[in-house]
Each structure stands twice: as C-alpha cells, then as structure tokens.
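First the structure, in the form of structure tokens, and then the observations on it.
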Amino acid sequence: MDRTEQRRESFASLLGGRTAAIDASLPPVGFVIGWLASGQSIEIGAASAIGLALVIAVLRLIRKEKPRAVIVSVALVVIAALIALHTGRAADFFLLQLLSNAASALAWLASIVVRWPFLGIIVGVVLGQKTRWRKDPALVRAYCLASLVWVAQYLLRIAVYVPLWLADETVALGIARLALSWPVQVVCLAVSWLVFQRVLPREHPGIRHPVTG
C-alpha cells in the first residue's frame, strides 16, 4: 500500500461496524413497538425484541459474520428482555445498555491511564501488528488522545439514558437508543481519526508503520 492509499485510510475504513451497530439498535425498537402495540405488555415487547434479534442473527450468519458475535448479540437482547420481565418495568429493558456504556467508559478511560488504549489494541489486531505499536511513543500518545473521543461517546449515552430511565420514559429510551447508536459511532470514528492524525507527528511513517527502533 503506497502513501496515497494510506492517507485515505481511516478508523472507519479499518474498523467498520456501522452495519453491526444498526443491527444492534433494531431489537430495542422492536421492543418498544411491541410494547406499545400490545397496550404496554412487557411480554409482547420482549417477544418482539427477541424475535427480531433472531431474524437479524440469521441474516448476519448469511453474511458470514462470526457465529460467536452473533450469539452474543442475541444473548444480550434475551438478557435485557429477562431483566424487564423480572422487574415488571419496561424501561428496564434498556438497563443493560446503560450499564454496558458505563462499564465501557470506565474501561476505555482506564486503558488510557495505563497507556494501553483500547483503540490501539483493536487497530493493532486488525492490522496484524499485535503489540508492536506499543513500542512507538508517538502512536501510543495518538491512540490515547483519540481514545478519549470514544470515552466521550459512552458518556454522552449515559447522560441521555440515565434521566430517561429514572423517569421511566420507555418510548424516549427507544428513540435515544436508535439515535445514539450508529450515527454517534460514525461521528466517533471520524472525530477520533481527526484527533489521531493531528496528534501524530507529520514526519511519522503512518499507522501501519510503528517506529520501534
């Protein structure tokens, strides 16, 4: 790959994920629609979400995505549905999503503090670099600062989800879940790439070429 092609690269082109983000946002919408259409029956809402998750799982398998990732996605929807069924509160279907964003924000922040930014780990795996990027201080610094953008996206979701969950606003949670999924992820990928490019020294050979010597 020449320098011109490398400059066209971005976290979005390397990591992708928009399709998966869209797929993940559909079962919660299915839950809200089923809940509303049935006169606020959590059972029907849960069945709608799980049914939609299973349909999406089949389509993802047809697209030859990793079976483990597909199974995990379905399992998360089932767990979310079981939580709502157990508590008898429709808004609790979104509790797992709220908690996962809080955990992700803490984990990503911790990875930055210890200078093992998750963004670097993920991109390193995609590029087949393993941990060679860790030997390049410029790349480590760029990944750390770019990872802050990812922390910000999780904090944004928490800031929106928590008040809506506390207010028991199930419909608003469903809308927020859809609005803050792939659109926010697309923005996050773009902004974190811009930060990465700005921080990385101009003379650096690029993301594919860690300076280890």
Side-chain angles (χ1 to χ4, degrees), residues 1 3 5-26 56-57 60-61 63-77 79 96-158 161 177 180-201 204-212:
M1 180 178 290
R3 290 297 179 85
E5 290 176 320
Q6 287 185 43
R7 282 195 291 270
R8 291 174 182 169
E9 281 189 312
S10 66
F11 290 148
S13 64
L14 289 171
L15 304 179
R18 185 175 71 172
T19 301
I22 294 173
D23 289 348
S25 67
L26 294 179
I56 293 171
R60 291 179 66 183
L61 290 173
R63 296 200 302 256
K64 297 183 179 180
E65 295 188 25
K66 294 180 179 180
R68 181 180 299 178
V70 174
I71 292 171
V72 169
S73 297
V74 174
L76 290 175
V77 174
I79 293 171
L96 182 62
Q97 182 68 24
L98 193 162
L99 295 175
S100 68
N101 275 277
S104 295
L106 289 173
W108 276 72
L109 190 58
S111 77
I112 295 169
V113 171
V114 300
R115 298 186 66 76
W116 273 90
F118 283 160
L119 187 56
I121 294 173
I122 295 169
V123 174
V125 170
V126 171
L127 296 180
Q129 295 174 346
K130 297 183 179 179
T131 60
R132 283 193 294 120
W133 60 273
R134 280 287 279 97
K135 299 177 182 178
D136 185 338
L139 276 179
V140 173
R141 181 171 183 270
Y143 279 131
C144 281
L145 292 177
S147 291
L148 287 173
V149 179
W150 290 64
V151 174
Q153 75 160 333
Y154 295 123
L155 293 177
L156 171 63
R157 293 191 184 110
I158 294 168
Y161 291 157
R177 177 69 176 84
L180 297 178
S181 57
W182 68 266
V184 170
Q185 183 171 327
V186 169
V187 173
C188 178
L189 287 165
V191 174
S192 60
W193 177 248
L194 288 175
V195 171
F196 182 88
Q197 291 286 77
R198 287 289 184 90
V199 173
L200 200 65
H204 194 280
I207 192 172
R208 289 180 175 270
H209 305 283
V211 179
T212 59

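Note: hydrogens, waters and symmetry copies are ignored here, and every other heavy atom, side chains too, is used. Bear in mind the structure is a predicted one, so any value in this text is a computation, not a measurement.
- Smallest separation of non-hydrogen atoms from Arg60 and Glu65: NE-OE1, 2.8 Å.
- The structure places CG of Leu99 at 10.5 Å from OG of Ser104, a figure rounded to the nearest 0.5 Å.
- Between Arg141 and Cys144 the shortest side-chain heavy-atom distance does not fall below 4.5 Å.
- Within the 4.5 Å cutoff, the side chain of Trp150 has heavy atoms near those of the Cys188 side chain.
- Using cut-offs of 30° and 60° for the angle between ring planes, the Tyr143 and Phe11 rings count as parallel.
- Separation of atoms CD1 (Ile121) and OG (Ser147) is listed at 9.0 Å; rounding is to 0.5 Å.
- In this structure, Tyr161 and Leu180 have side chains that are in contact, with non-hydrogen atoms separated by less than 4.5 Å.
- Under the 4.5 Å side-chain criterion, counting only non-hydrogen atoms from C-beta, Trp108 is not in contact with Leu148.
- Among all heavy-atom pairs drawn from Ala57 and Val74, the shortest one is CB-CG2, 3.6 Å.
- Between the side chain of Arg115 and the backbone N or O of Val140, no donor-acceptor pair lies under 3.5 Å.
- Note that CG of Leu76 is 8.0 Å distant from OG of Ser100, once rounded to the nearest 0.5 Å.
- Trp193 CH2 to Ser10 OG: the interatomic distance, rounded to the nearest 0.5 Å, is 6.5 Å.
- Side chains of Trp182 and Ser25: a donor-acceptor N/O pair is absent below 3.5 angstrom, by distance only.
- Nearest approach of Leu155 to Ala105, heavy atoms of both residues: CD2-CB, 4.1 Å.
- Rounding to the nearest 0.5 angstrom, the gap separating the CG atom in Leu194 from the CG atom in Leu189 is 11.0 Å.
- Residues Ala146 and Ser192 approach most closely at CB-O, 3.4 Å, considering heavy atoms.
- Here the side chains of Trp133 and Val123 are not in contact, with every heavy-atom distance at 4.5 Å or above.
- Separating the CG atom in Asn101 from the CG atom in Leu96 is a distance of 10.0 Å, to the nearest 0.5 Å.
- Listed for the Gln129 side chain is a donor-acceptor partner under 3.5 Å among the backbone atoms of Ile207.
- Contact between Ala142 and Leu200 at its shortest, heavy atoms only, is CB-CD1, 4.1 Å.
- Of all non-hydrogen atoms in Pro67 and Leu61, the two that sit nearest each other are CA-CD2, 4.0 Å.
- A 4.5 Å side-chain heavy-atom check between Leu119 and Leu15 finds at least one atom pair inside the cut-off.
- Between Arg63 and Asp23, the closest side-chain pair of non-hydrogen atoms falls below 4.5 Å.
- Using a 4.5 Å heavy-atom cutoff, the side chains of His204 and Leu139 are in contact.
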